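Heads up, the thing below is written out as structure tokens.
Note: hydrogens, waters and symmetry copies are ignored here, and every other heavy atom, side chains too, is used. Just so it is clear, the model here is predicted, and its values are computed rather than measured.
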Amino acid sequence: QVQLVESGGGLVQAGASLSLSCAASGRTFSGCAMGWFRQAPGKEREFVAVVSWSGGSTDYGDSVKGRFTISRDNAKNTVYLQMNSLKPEDTAIYYCAADTSRQFALGDYLPRSRNRYDYWGQGTQVAVSS
């Protein structure tokens with residue numbers, strides 16, 4: 001099993017930066033693809049970013065590409081999301097998630113669908129004011 005705990009959310013002004021962290025517990029963390037999703041009020045949960053198990057490959061949603069950076073430190077069992085140039089439309093609850101279905105996958109395994117992820121954190125609120 002994997003347990004995930006997000007931190008780092010808050011209220012900032014447009015143009016500011018925030019860094020989110022996701023601390024994971026469980027033996028399978030280092031072999032999992034890890035993703036960030038977000039959900040705004042009244043909207044579906046949206047793919048934000050994913051990082052491969054090794055940290056060597058990443059993928060981003062179109063709305064955050066060029067502004068957000070996902071990374072991971074397997075020695076610390078932690079995934080990060082650096083968010084720059086924040087916009088009011090980035091306001092949402094941000095969730096960290098783990099896909100344990102393909103451990104130490106060969107090639108660039110970068111799942112974008114939330115249905116691929118089987119463990120989720122409780123979420124952290126990010127609010128961006130204009």
Side-chain angles (χ1 to χ4, degrees):
Q1 281 197 350
V2 178
Q3 292 184 321
L4 305 172
V5 179
E6 302 95 335
S7 62
L11 172 63
V12 297
Q13 290 189 331
S17 298
L18 271 179
S19 181
L20 304 184
S21 297
C22 172
S25 62
R27 294 182 301 166
T28 58
F29 168 80
S30 61
C32 299
M34 296 293 299
W36 285 96
F37 290 76
R38 66 186 183 186
Q39 189 166 18
K43 295 188 176 181
E44 291 191 353
R45 195 165 296 190
E46 173 190 22
F47 167 74
V48 174
V50 58
V51 61
S52 63
W53 69 267
S54 67
S57 298
T58 57
D59 192 17
Y60 297 92
D62 290 343
S63 61
V64 306
K65 199 170 294 184
R67 299 188 297 123
F68 290 11
T69 302
I70 187 172
S71 61
R72 67 189 296 163
D73 185 338
N74 285 342
K76 296 182 178 180
N77 278 9
T78 303
V79 179
Y80 305 97
L81 186 68
Q82 177 64 42
M83 305 185 294
N84 298 330
S85 302
L86 283 161
K87 304 175 181 180
E89 51 263 43
D90 294 319
T91 296
I93 298 174
Y94 283 70
Y95 297 91
C96 173
D99 175 353
T100 65
S101 66
R102 294 179 59 182
Q103 293 287 309
F104 300 102
L106 297 177
D108 293 338
Y109 180 61
L110 299 168
R112 295 169 64 100
S113 169
R114 62 181 185 268
N115 295 326
R116 297 296 306 175
Y117 293 83
D118 42 356
Y119 293 96
W120 294 83
Q122 83 289 348
T124 185
Q125 177 73 54
V126 172
V128 184
S129 63
S130 58

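Closest approach of S17 and Q82 over heavy atoms only: CB-NE2, 3.9 Å. A pairwise comparison of heavy atoms in V48 and V64 identifies O-CG2, 3.4 Å as the closest pair. In terms of heavy-atom proximity, R67 sits nearest to L86 at NH1-CA, 3.9 Å. Nearest heavy-atom pair across P111 and A33 is CD-CB, 3.8 Å. Here the closest non-hydrogen pair linking W53 and N74 is O-ND2, 3.0 Å. Nearest heavy-atom pair across R114 and E44 is NH2-OE1, 3.9 Å.
Although no hydrogens or angles enter the test, the distance criterion places a donor-acceptor pair under 3.5 Å between the side chain of Q125 and the main chain of A92. Side chain of E6 to main chain of Q122: a donor-acceptor pair is present (N/O by atom type, distance under 3.5 Å, no hydrogens or angles). In this structure a side-chain-to-backbone donor-acceptor pair under 3.5 Å is missing from T124 to S7. Side chain of D90 to main chain of V126: no donor-acceptor pair is present (N/O by atom type, distance under 3.5 Å, no hydrogens or angles).
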| said: Working note: S63 + R38, criterion side-chain contact (heavy atoms from CB on, under 4.5 Å); need CA distance, chi angles, decisive distance, verdict. | reply: CA-CA 12 Å; S63 61; R38 66 186 183 186; 3.1 Å; yes
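Under a hydrophobic-cluster definition in which Ile, Leu, Val, Met, Phe, Trp and Tyr are linked whenever side-chain heavy atoms come within less than 4.5 Å, directly or via other members, V128 and L20 are assigned to the same cluster. The hydrophobic clustering, which links ILVMFWY residues whose side-chain heavy atoms are closer than 4.5 Å, places W36 and V50 apart. If you chain together hydrophobic residues whose side chains sit under 4.5 Å apart, V12 and I93 never meet in one group.
A 4.5 Å side-chain heavy-atom check between Y80 and D73 finds at least one atom pair inside the cut-off.
In this structure, OH in Y119 is found 14.5 Å from CZ in F29, a value given to the nearest 0.5 Å. One finds the CD1 atom of I70 at 12.0 Å from the CE atom of M83 (value rounded to the nearest 0.5 Å).
Taking the six-membered ring for Trp, F37 and W120 have ring centres closer than 6.0 Å.
No option in V2, T78, L4 other than L4 meets the side chain to side chain contact (heavy atoms under 4.5 Å, CB included) test with M34. Put simply, the residue from Q103, R102, R116 that forms a side-chain hydrogen bond (donor to acceptor under 3.5 Å, both in side chains) with Y109 is R116.
Remark: R112 pairs with D59 by the salt bridge (charged side-chain N to carboxylate O under 4.0 Å, His left out) rule, at least two apart or across chains. Taking the salt bridge (charged side-chain N to carboxylate O under 4.0 Å, His left out) definition, one finds that E89 meets it with nothing, sequence neighbours left out.
Under the 30°/60° scheme for interplanar angles, the aromatic rings of F68 and Y94 are found to be tilted.
With respect to D62 and K65, a salt bridge is recorded, a charged nitrogen being found less than 4.0 Å from a carboxylate O.
Residue pairs meeting the disulfide (SG to SG under 2.5 Å) criterion with at least one partner in residues 8-90, sequence neighbours excluded, are C22-C96.
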